[in-house]
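Proteins get letters first, then strands, A, B, ... in listed order; numbering begins at 1 in each.
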Number of protein chains: 2
Amino acid sequence: MNSKKVAEILDVSVDTLRYYERVGVIPPVTRDKNGYRNYQNNDLNWIFLAKSLRNAGMSVESMIEFATLAQSSGDVSAAQKEVLHEQLAQLDQKFAELEKTRNLLEYKIETYDDHLAKFKAGEMTADNADKLWQMPKFNPSAK
Amino acid sequence: MNSKKVAEILDVSVDTLRYYERVGVIPPVTRDKNGYRNYQNNDLNWIFLAKSLRNAGMSVESMIEFATLAQSSGDVSAAQKEVLHEQLAQLDQKFAELEKTRNLLEYKIETYDDHLAKFKAGEMTADNADKLWQMPKFNPSAK
DNA sequence: ACTTGCCCTGGTGTGCACTTCATGGTTTAT
DNA sequence: ATAAACCATGAAGTGCACACCAGGGCAAGT
């Protein structure tokens, strides 16, 4: 499969495909006699994984680390597996952080309704506006 | 509270604090007679929110939008509230995508164990290695 | 033979989110 | 009164992850 088609199917730019290969996010792609890239199924898998992890916030650098391990010869299985687990752990941490932020936003929305209600009832002044709009559990010592 | 202390407590750089204020991610901070910033509780709340949303992947631009709305006079309550809800929706979408990636990673780890087991049992050759290491449900038509 | 439409490489450009730098002003300690 | 440790601004620099471009090669159709 040629670059253009892969780019379409996986919704990435041709430039990104070349970039990923160049820096080592994905292993080298096989070429035809003209030096044109001919993507195999396995390459698509790599690209899909790269796309997913990038989307999840993984750095290109981390992905190079994994791809490099996957390609190196010898028994690197353990190391490679560890990297996968590590990435999973990072993902889980991201989940946790995202949830905190979600809670924060929900709290903001809640107190905002409150804020609005009081405002409409004429209880809101410049004086108390600040107090009604506080951060939830912002606790410096809890860090 | 001065810049340095705020930076310490909220774990951001002083430069970032200035940057956020300059571009409008947070409202202007009150100054003392020398023009030195004197952060109030409310400012800390803003910064904490900014940090959280940035961490969750929100762009600085989106945050400027919200902060600007929050400061503008007149009845912008509806618009402001809408922005909050919008950000929450974006967060939820992010959650969904993250979960997909999590599943992918877990699948990779699973099949990796499989891969390893077969390898150790001497069933793995260069021939079948690729087939054992396929992407889960990578389905071009499902897009 | 020549236009069209792919492909290649190497180098430069871009946008975002800061970060660093040069220069200088103000309180606090010695 | 001089150094240390804060603070300020505006401008320029940095790193990441691509995106764009110039110059050129191959292959098929008209």
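- What separates CZ of A:Arg22 from C1' of C:dT12 is a distance of 12 Å, to the nearest Å.
- The interatomic distance linking A:Met58 (CE) with D:dC18 (P) rounds to 15 Å, in whole Å.
- Comparing A:Ser13 and A:Lys33 along DNA chain D, the residue whose closest nucleotide (by nearest heavy atom) sits nearer the 5' end is A:Ser13.
- Residue B:Arg31 places none of its side-chain N or O atoms closer than 4.0 Å to OP1 or OP2 of C:dT26.
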Item to complete: Go through B:Leu44 and B:Met1 one step at a time and tell me if the side chain to side chain contact (heavy atoms under 4.5 Å, CB included) criterion holds.
Response: CA-CA 10 Å; B:Leu44 298 201; B:Met1 201 182 300; 4.1 Å; yes

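- The OH atom of B:Tyr36 sits 12 Å away from the C1' atom of D:dT9 (whole-angstrom rounding).
- Using modelled atom types, no side-chain atom of B:Lys51 and backbone atom of B:Val12 make a donor-acceptor pair closer than 3.5 Å.
- Contact annotation: A:Arg37 side-chain N/O to C:dC7 OP1/OP2 distance is not under 4.0 Å.
- Here C:dT20 is the nucleotide among C:dT20, D:dT9, C:dC8 with the atom lying nearest to any side-chain atom of B:Asp15.
- Residue B:Arg18 places no side-chain N or O under 4.0 Å from the OP1 or OP2 atom of C:dC18.
- Under 4.0 angstrom from either OP1 or OP2 of C:dC6 there lies no side-chain N or O belonging to A:Asn2.
- Under the 4.5 Å side-chain criterion, counting only non-hydrogen atoms from C-beta, B:Asn55 is not in contact with A:Lys100.
- Summary of the strand contacts: A:Asn34 and B:Glu61 both lie near DNA chain C, and taking for each the nucleotide with the nearest heavy atom, the more 5' one is attributed to A:Asn34.
- Among C:dA17, C:dT19, C:dT26, the nucleotide with an atom closest to any side-chain atom of B:Ser59 is C:dA17.
- We find that CD1 of B:Ile26 is positioned 14 Å from C1' of C:dC18, with the value rounded to whole Å.
- Note: OH (B:Tyr19) to C1' (C:dG15) measures 11 Å, nearest angstrom.
- The interatomic distance linking A:Lys4 (NZ) with C:dC8 (C1') rounds to 16 Å, in whole Å.
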Worksheet entry | Verdict with reasoning, B:Leu105 to A:Leu53, per side chain to side chain contact (heavy atoms under 4.5 Å, CB included) | CA-CA 9 Å; B:Leu105 257 184; A:Leu53 292 180; 4.1 Å; yes

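- Residue B:Lys5 contributes atom NZ, which lies 16 Å from atom C1' of D:dC7 at whole-angstrom precision.
- Taking only side-chain nitrogens and oxygens, B:Tyr20 comes nearer than 4.0 Å to OP1 or OP2 of C:dC18.
- As a whole-Å value, the separation of B:Asn38 CG from C:dT27 P is 14 Å.
- Between B:Asn2 and B:Tyr39, the closest heavy-atom pair is C-CD1, 4.1 Å.
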